[in-house]
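Index from 1, following the sequence. On a predicted model such as this, the values are computed, not experimentally measured, just so you know.
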Amino acid sequence: MARLPLFGQTGTAASPAKADYMLRIGPATVELDRSHILSTIGYNGSAPGPVLRMREGKPVAVDVINDTDSPEFVHWHGMLIPAELDGTEEEGSPAVPPHGRRRFQLTPGPAGSRWYHSHAMAMDNLHKGSYTGQFGFVYVDGGNDPGQYDQEFFLALRDWEPFFTSVMEDDDDDTHSGPLLEKPTILNTDPDGLEVGSMTYSINDKALGSGEPIRVREGQRLLIHFLNASAIENRRIALAGHKMKVIAMDGNPVPSPQMLDSIFVGAGERIDVVIEMNHPGIWILGSTEKPIRESGLGVIVEYAGQHRHPLWIDPPKSPWDYTIFGTSTSNSPAPQQTIEMIFEKIPRGFGKFNSWLINGKPYPHEGEFALQQGTRYRLVMRNRTDDAHPTHLHRHLWELAEINGKKTSGVLKDTVVVPYYGRVTVDFTADQPGLSLFHCHIQQHMDYGFKALFVTRSS
Ligand SMILES: [Cu+2]
């Protein structure tokens with residue numbers, strides 16, 4: 001039996017006048033625990049918003065009402081939909097006006113774990129865009145779910161109360177398994193500017209230990225859809241005492257599912273895992289970083305009939321490697337053209353914000369990246385910075401081709417973490433006419449230059 005904790009879906013009754021779903025952007029209260037209650041902007045008064053379940057290929061109408069004083073953009077992350085519905089200002093999608101409304105009529109797809117979130121620019125305002133509670137899952141049912149699980153959960157990883165800091169502690173480092181292919185011979189050692197940090201975390205809307213535990217029985221199989229809805233950081237997650245079988249990434253089934261001790265989820269990414277409940281006890285599922293877990297990023301998993309203290313065990317450390325989920329033989333056509341991208345950071349010093357460059361320039365780029373519809377491209381992303389960047393291309397599916405020199409194929413994603421001083425190569429077909437936004441999913445990096453437009457013309 002499938003069960004959705006914490007939130008259900010909105011109405012699905014279809015009539016010409018009434019929308020299938022309604023999202024109301026406005027004030028939301030998040031009770032992380034009894035002593036820590038936050039005010040933010042969310043959907044339908046909560047954060048995360050409702051899990052929207054849609055059927056692949058079945059058109060839906062979503063009414064979005066904006067009760068705030070600023071224009072808002074609702075982006076449907078991972079959906080292959082026209083630019084005017086995609087929900088970004090850069091692609092020319094109309095805003096949901098302040099105290100106004102807008103109807104989205106879209107055909108959901110492809111099947112799998114998608115999500116919706118604000119795509120507004122935030123710049124130096126930490127109460128805007130993806131720093132707020134404007135995020136939620138969309139699950140697109142494809143009609144071929146074998147249902148080999150007993151319970152289903154949607155878990156969004158979040159941080160709250162962001163602040164500016166010049167001392168960034170991040171756990172991006174473990175994305176690394178390869179040589180530093182893109183490390184420049186001369187490093188820019190100017191002092192860094194401000195980055196965004198947090199010390200308050202949750203899974204969905206609850207800090208570790210304060211919400212309902214995930215209640216299980218021995219022998220059950222859990223299907224967990226993870227989403228990293230953070231605007232600021234990548235995360236590594238484990239369930240103490242258990243291994244997780246990764247079956248899909250960014251909602252797309254992987255060719256070679258893998259049994260792992262922990263998973264790495266970049267900002268914006270989704271990972272679906274199946275877990276066999278074969279180790280009775282009371283366990284913690286959460287961040288592998290102790291300070292982050294103890295500041296809320298976790299949830300208790302409780303077997304029936306067990307009564308003891310929730311237990312955490314550090315999983316063995318192993319570098320994250322996307323290529324293990326792929327195959328060695330590709331079924332896709334060979335790319336016809338190559339696009340090169342070099343990512344750089346200009347440190348701006350104390351009290352200022354760093355700038356982020358693609359091919360030597362911050363957004364906007366003159367002429368941007370021109371594509372021909374139907375052509376298959378190879379995109380080479382060279383990260384000449386000391387951060388791991390979760391990059392995302394709107395309205396397209398990437399096939400991973402190479403990670404730090406290791407080849408793979410068959411892994412379809414819309415977001416990929418490019419390791420620090422590393423290189424990621426992806427292939428994709430320009431099958432969406434019009435503008436498609438490319439950017440780093442760290443809100444501050446995107447706002448301060450780390451984005452570009454792909455312009456696809458039909459021949
Ligand atoms: Cu970034």
Task: Chi angles and distances behind the side chain to side chain contact (heavy atoms under 4.5 Å, CB included) call for V246, I263 - done: CA-CA 8 Å; V246 172; I263 55 169; 3.6 Å; yes

Open item on the list: One pair to check against salt bridge (Lys or Arg N to Asp or Glu O under 4.0 Å): D386 and K183. What are the steps and the verdict?
Closed with: CA-CA 8 Å; D386 55 2; K183 189 172 183 178; over 6 Å; no

Open item on the list: I'd like to know whether K206 forms a salt bridge (Lys or Arg N to Asp or Glu O under 4.0 Å) with D33, so could you lay out the CA-CA distance, the side-chain angles of the two residues, the decisive distance to 0.1 Å, and finally the verdict.
Closed with: CA-CA 6 Å; K206 290 286 179 261; D33 60 42; over 6 Å; no

Open item on the list: Set out, in order, the CA-CA distance, both residues' side-chain angles and the distance that settles side chain to side chain contact (heavy atoms under 4.5 Å, CB included) for V74 and I25, then state yes or no.
Closed with: CA-CA 10 Å; V74 181; I25 303 167; 4.2 Å; yes

Open item on the list: Pair F137, L227 - check side chain to side chain contact (heavy atoms under 4.5 Å, CB included), show working.
Closed with: CA-CA 8 Å; F137 278 95; L227 155 67; 3.4 Å; yes

- [ ] Any chance you could lay out the salt bridge (Lys or Arg N to Asp or Glu O under 4.0 Å) test for K413 and E269, step after step, and finish with the verdict?
- [x] CA-CA 9 Å; K413 295 187 93 296; E269 287 187 311; 2.8 Å; yes

- [ ] Walk me through it: do D192 and K345 pass the test salt bridge (Lys or Arg N to Asp or Glu O under 4.0 Å)?
- [x] CA-CA 9 Å; D192 256 327; K345 174 173 83 174; 3.0 Å; yes

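Rounding to the nearest 0.5 Å gives a distance of 7.0 Å between CD1 of I41 and OG1 of T132. Note that CG of D414 is 10.0 Å distant from CH2 of W115, once rounded to the nearest 0.5 Å. Note that OG1 of T338 and CG of D427 are 8.5 Å apart. Values are rounded to the nearest 0.5 Å. Atoms CG and CE, from N383 and M341 in turn, are 12.5 Å apart once rounded to the nearest 0.5 Å. With rounding to the nearest 0.5 angstrom, the CD1 atom of I224 is 11.0 Å from the CD1 atom of I247.
Under 3.5 Å, the side chains of S436 and R395 contain a donor-acceptor pair of N or O atoms. Between the side chains of T429 and D431, not a single donor N or O lies within less than 3.5 Å of an accepting N or O. Remark: the T88 side chain and the D86 side chain contain no N/O donor-acceptor pair separated by less than 3.5 Å. With no hydrogens or angles considered, a side-chain donor-acceptor pair links E72 and S118 at under 3.5 Å. Of the N and O atoms on the side chains of T415 and H77, at least one donor lies less than 3.5 Å from an acceptor on the other residue. Residues T385 and D387 have side chains that never bring a donor and an acceptor to within less than 3.5 angstrom of each other. Using modelled atom types, one finds no donor on one side chain facing an acceptor on the other under 3.5 Å when comparing E233 with S230.
A salt bridge between R384 and E182 is present, with a side-chain N of the basic residue lying under 4.0 Å from a carboxylate O of the acidic one. Salt bridge annotation for D250-R270: present, with a cationic side-chain nitrogen under 4.0 angstrom from a carboxylate oxygen. A salt bridge links R53 with D141: the distance from a Lys NZ or Arg NE/NH1/NH2 to an Asp or Glu carboxylate oxygen falls below 4.0 Å. Remark: R382 engages E340 in a salt bridge, criterion side-chain N to carboxylate O under 4.0 Å. Taking a cutoff of 4.0 Å between a charged side-chain nitrogen and a carboxylate oxygen, R235 and E289 do not qualify as a salt bridge. A salt bridge is absent between D261 and K317; no separation between the charged side-chain nitrogens and carboxylate oxygens falls under 4.0 Å. Taking a cutoff of 4.0 Å between a charged side-chain nitrogen and a carboxylate oxygen, D150 and R217 do not qualify as a salt bridge.
For W160 and H127, the ring centers sit 6.0 Å or farther from each other. A distance below 6.0 Å separates the ring centres of Y116 and W76. Taking the centre of each ring, H392 and H394 come in below the 6.0 Å mark. If you look at Y21 and F104, their ring centroids are not closer than 6.0 Å. Checked against the 6.0 Å centroid criterion, the rings of Y139 and H225 qualify as a close aromatic pair.
Taking the side chain as every heavy atom from C-beta outward, I282 and I300 approach each other to under 4.5 Å. By the 4.5 Å heavy-atom criterion applied to side chains, S295 and T200 are not counted as neighbours. When side chains are defined from C-beta on, R55 does not count as touching P108, because their heavy atoms never get closer than 4.5 Å. You'll find the side chain of H396 stays beyond 4.5 Å of the side chain of F438, heavy atoms only. Side-chain contact between D447 and F353 is absent, with no heavy atoms from C-beta onward closer than 4.5 Å. Contact of the L181 side chain with the Y421 side chain is not registered, since no non-hydrogen atoms from C-beta on lie closer than 4.5 Å. You'll find the side chain of W398 stays beyond 4.5 Å of the side chain of L412, heavy atoms only. Looking only at side-chain heavy atoms (C-beta outward), M54 and V138 come within less than 4.5 Å of each other.
Of the candidates R378, R376, K407, E399 forms a salt bridge (Lys or Arg N to Asp or Glu O under 4.0 Å) with just one, namely R376. Considering H445, H389, H119, H75 in turn, H119 is the only one that fulfils the ring-ring contact (aromatic ring centres under 6.0 Å, His included) rule with H439. Checking each of D159, L157, L32 against Y201 for a side-chain contact (heavy atoms from CB on, under 4.5 Å) leaves exactly one that passes, namely D159.
Remark: side-chain polar atoms of K245 are not paired, donor with acceptor, to backbone N or O of P257 under 3.5 angstrom. With N228 contributing its side chain and R236 its backbone, the two residues share no donor-acceptor pair below 3.5 Å. Put simply, the side chain of T107 never gets that close to the backbone of G57: no donor and acceptor are under 3.5 Å apart. Judged by distance alone, with hydrogens and angles left aside, the side-chain atoms of D205 form no donor-acceptor pair with the main-chain N or O of A47 at under 3.5 Å. With Q151 contributing its side chain and R215 its backbone, the two residues share a donor-acceptor pair below 3.5 Å.
Figure legend: cation-pi geometry between R293 and W312, with NZ or CZ positioned under 6.0 Å from the six-membered ring centre and within 45° of its axis.
Nearest heavy-atom pair, F264 versus N234, reported as atom, atom and distance to 0.1 Å: CZ-CB, 3.5 Å. In terms of heavy atoms, A430 sits closest to Y377 at CB-CE1, 3.8 Å. Taking every heavy atom of both residues into account, F454 and L379 meet most closely at CZ-CD2, 4.4 Å. Among all heavy-atom pairs drawn from L453 and E90, the shortest one is CD1-O, 3.6 Å.
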